[in-house]
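Read the structure below first, then the notes.
Note on naming: letters A, B, ... go to the chains in the order of the sequence lines (proteins, then strands), and numbering restarts at 1 for each one. Just so you know, these numbers use all the heavy atoms, side chains as well, and skip hydrogens, waters and symmetry mates.
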Amino acid sequence: MSSGDAVWVTGLGAVTPGGWSVEETWSAVSAGKSCIREVERFTTFTSSSRVAGMVPGKESSLPEHSLSLEYGVHAARQAMDRAGLAAVDTAIVANHGERRLPTPEGSGRVTGVSDIASEVAKAAGAGSYSAPYGACAGSAQSIGTAAKLIRSGRATTALAGGCDALVTPFDYFSFSSLYVMSTRECPPEEASCPFDVRRDGFVLAEGAAFLVLESEEHARARGAEPLAVLEGFGLRQNAYHMFAPPPDGRGPADAMREALRDARLDPSAIGYVNAHGTSTKDNDSSETIAIREVFGAHADVLPVSSNKSQIGHTMGACGAIEAVLSIQSLRSGIISPTSNLYEPDPLCDLDYVPLKAREIEFDHVLSNSFGFGGHSASLIFGRVS
Amino acid sequence: MNIQVAAVCSAAEQQDDVRGQVKAFASRKILRFLDAVSYGPFAAVAAVYRRNPVCPPEDVALYTVSGWDGDMPDQPFPTDGSRDEYARLSRHILEDANPTGWLRMLSNNALCQVSIVEGFRGPNAHFVGDADALAQALAAAAYDLRTGAAKLALVVAYDVAETDRNNPSDRAPSTAAAISLTAAEDGPDVLPRLFELVDAVAGERRTALEALELVLPIGVRS
């Protein structure tokens with residue numbers, strides 16, 4: 001980041017279709033194991049989509065309580081435990097609330113956005129909280145905003161990330177009516193196939209992830225172990241459409257350029273791009289164009305992969321989950337693959353690390369998240385020198 | 001770099017016919033994507049930017065803050081607790097409802113639509129929350145200005161009446177206020193005073209709109 005103190009990542013937590021911890025999730029993702037299943041927790045009726053990514057143990061029924069809150073609190077506690085902190089200054093918790101069938105009282109709301117943010121903040125002992133509502137870019141916005149607060153001296157420590165559990169009839173049918181989810185006739189495990197010519201939509205999923213961010217000075221003073229440095233954040237608006245990606249890739253390209261500027265890095269310094277890679281026709285081609293534009297010739301040798309090929313699209317949580325997995329990649333020197341990429345789309349002509357993980361040492365990773373509402377966000381993490 | 005106020009727009013400036021105000025800025029196509037809840041912030045953003053544009057729209061950062069967090073449409077049919085309710089819901093959503101209804105109820109909709117109209121391409125986010133969230137938006141805006149990520153930052157707070165809080169977006173009219181900030185090498189820095197005022201009411205869990213209304217007079221004087 002380009003002013004003030006460095007921002008260290010000192011805690012990570014995740015709950016995903018891959019498991020109830022960062023380690024379980026990383027194990028599934030790095031092995032290229034798909035976590036997508038047929039939806040059993042409710043009947044999909046005439047919806048042409050029938051698959052989703054659900055957290056293990058929660059596949060068979062929909063409880064009365066909020067799954068988003070359950071996942072969020074669990075992931076937040078993991079991150080706090082890993083950081084060795086009892087409390088943070090602030091919590092920034094992206095989410096979209098949780099809904100069921102509307103009732104005669106007027107709303108089927110199980111939990112509101114602020115209620116979820118407030119409870120996660122309590123779990124982190126945070127004195128204040130907010131909830132970015134940025135669709136699929138929301139938790140990347142959380143992480144970037146937390147870094148800005150630390151950089152500008154408004155906070156020393158922050159819990160940042162997001163949680164969402166939208167595999168419910170209301171949201172599932174709504175996304176289905178927008179024709180944005182995969183309807184392809186294939187085994188559930190193969191439905192999410194980013195950058196493949198057969199891709200036809202995303203696979204809805206659920207989960208949560210949080211990072212503990214801390215000023216370097218504060219972390220050093222208490223002897224905390226740095227897991228990574230948050231080096232750059234780029235946030236841009238497409239100003240194009242509510243949910244269609246810009247065909248020229250401008251918003252995503254602007255976000256990546258801004259993250260590089262913020263990190264003071266040349267594009268050639270990036271060793272891996274963790275793509276938004278939704279498995280929709282438009283996103284994957286738009287993101288490819290944007291990566292080519294930003295990275296130029298370096299794009300020919302730059303590994304790019306999508307974790308959504310294993311765990312699906314976790315909506316407001318995806319930016320944080322993919323930030324956690326990017327940091328796991330950085331620390332382990334293993335780039336997780338893009339699963340189900342058997343027939344590359346000629347419009348998607350990058351090195352997507354198909355099918356099998358790759359061992360490569362690198363120093364900087366860029367993670368992309370783009371969301372309904374025109375939000376484009378890019379985060380850059382680096383090793384602690 | 002010192003943070004200075006470029007322009008303000010108070011909630012009192014919003015007319016009873018706020019949709020009429022929005023029509024002055026938005027095309028019919030955009031109007032189709034706006035519900036009552038989005039009119040207030042849309043009008044406040046467009047007004048405060050046009051009052052003192054300072055820079056081209058592509059260099060503008062936009063942060064909106066609200067306690068309203070999006071809701072769902074009205075109950076599509078009477079519920080009776082029977083097992084086929086979800087089947088009816090699926091039929092309603094998949095076959096009868098207009099899909100754009102789901103998009104209009106998103107609480108970042110105003111930010112998105114006004115960005116399309118004005119061409120704002122800078123840093124942007126919608127925060128659900130109260131005065132604390134407003135303070136975070138102001139901090140993010142100031143950071144963007146000081147680091148060169150934006151040349152002008154608009155911070156907007158909006159809210160709906162308590163009685164409308166659980167209404168669908170088309171029956172939740174909102175009120176909004178806005179401030180635009182810029183950075184300069186010289187002149188007074190208003191940021192410490194802005195934070196002082198917002199932080200003072202954040203502990204009382206005041207709304208973002210109430211907190212922003214408190215700071216607007218400071219901005220005008222600067």
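The part of B/Arg205 that comes within reach of chain A is its side chain, from C-beta onward, which places non-hydrogen atoms under 4.5 angstrom from that chain. Looking at A/Phe372, the atoms closer than 4.5 Å to chain B (heavy atoms on both sides) sit in the backbone and in the side chain alike. Heavy atoms of B/Tyr86 lying under 4.5 Å from chain A belong to its backbone as well as its side chain. Using a 4.5 Å cut-off between heavy atoms, B/Glu118 does not touch chain A at all. Heavy-atom distances place the side chain of A/Arg154, and not its backbone, under 4.5 Å from chain B. Using a 4.5 Å cut-off between heavy atoms, A/Thr90 touches chain B through its side chain atoms alone. Interface remark: A/Asn95 contributes no atoms to any contact with chain B (heavy atom separation under 4.5 Å).
Within the 3.5 Å criterion, the main-chain N or O of A/Val113 finds a donor-acceptor partner in the side chain of B/Asp69. Put simply, the side chain of A/Glu258 never gets that close to the backbone of B/Gly122: no donor and acceptor are under 3.5 Å apart. Put simply, the side chain of B/Asn109 never gets that close to the backbone of A/Gly373: no donor and acceptor are under 3.5 Å apart.
Contacts with chain B were tallied for A/Ser174, A/Gly153, A/Ser114; A/Ser174 has the most, counting heavy-atom pairs under 4.5 Å. Comparing B/Leu62, B/Ile93, B/Asp132 by how many heavy-atom pairs each has under 4.5 Å with chain A, the most go to B/Ile93. Listed options B/Ala139, B/Ala125, B/Ser90 were ranked by heavy-atom pairs under 4.5 angstrom with chain A; first place goes to B/Ser90. Taking A/Ala131, A/Ala94, A/Ala155 one by one and counting their heavy-atom pairs under 4.5 Å with chain B, the maximum is reached by A/Ala131. The most heavy-atom pairs under 4.5 Å with chain B, out of A/Ser142, A/Ser128, A/Gly127, A/Ala117, come from A/Ser128.
Within the structure, the side chain to side chain donor-acceptor pair (under 3.5 Å) test picks out the following pairs touching residues 130-139 of chain A (sequence neighbours left out): A/Ser130-B/Gln136. Legend: ring-ring contact (aromatic ring centres under 6.0 Å, His included) pairs involving residues 144-173 of chain B, not counting sequence neighbours, sorted by first then second residue: B/His126-B/Tyr158.
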Between side-chain atoms of residues 239-249 of chain A and protein atoms elsewhere (two or more places apart, or another chain), which donor-acceptor pairs fall under 3.5 Å?
residue, atom, partner, partner atom, Å
A/His241, ND1, A/Phe243, N, 3.0
A/His241, ND1, A/Ala244, N, 3.0
A/Asp248, OD1, A/Arg250, N, 3.1

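Interface residues of residues 42-51 of chain A toward chain B, defined by a heavy-atom distance below 4.5 Å and sorted by number: A/Phe45, A/Thr46, A/Ser47.
Looking at B/Asp144 and A/Lys148, their side chains come closer than 4.5 Å, going by heavy atoms from C-beta outward.
Between the OH atom in B/Tyr63 and the CG atom in A/Leu235 there is a gap of 5.5 Å [rounded to 0.5 Å].
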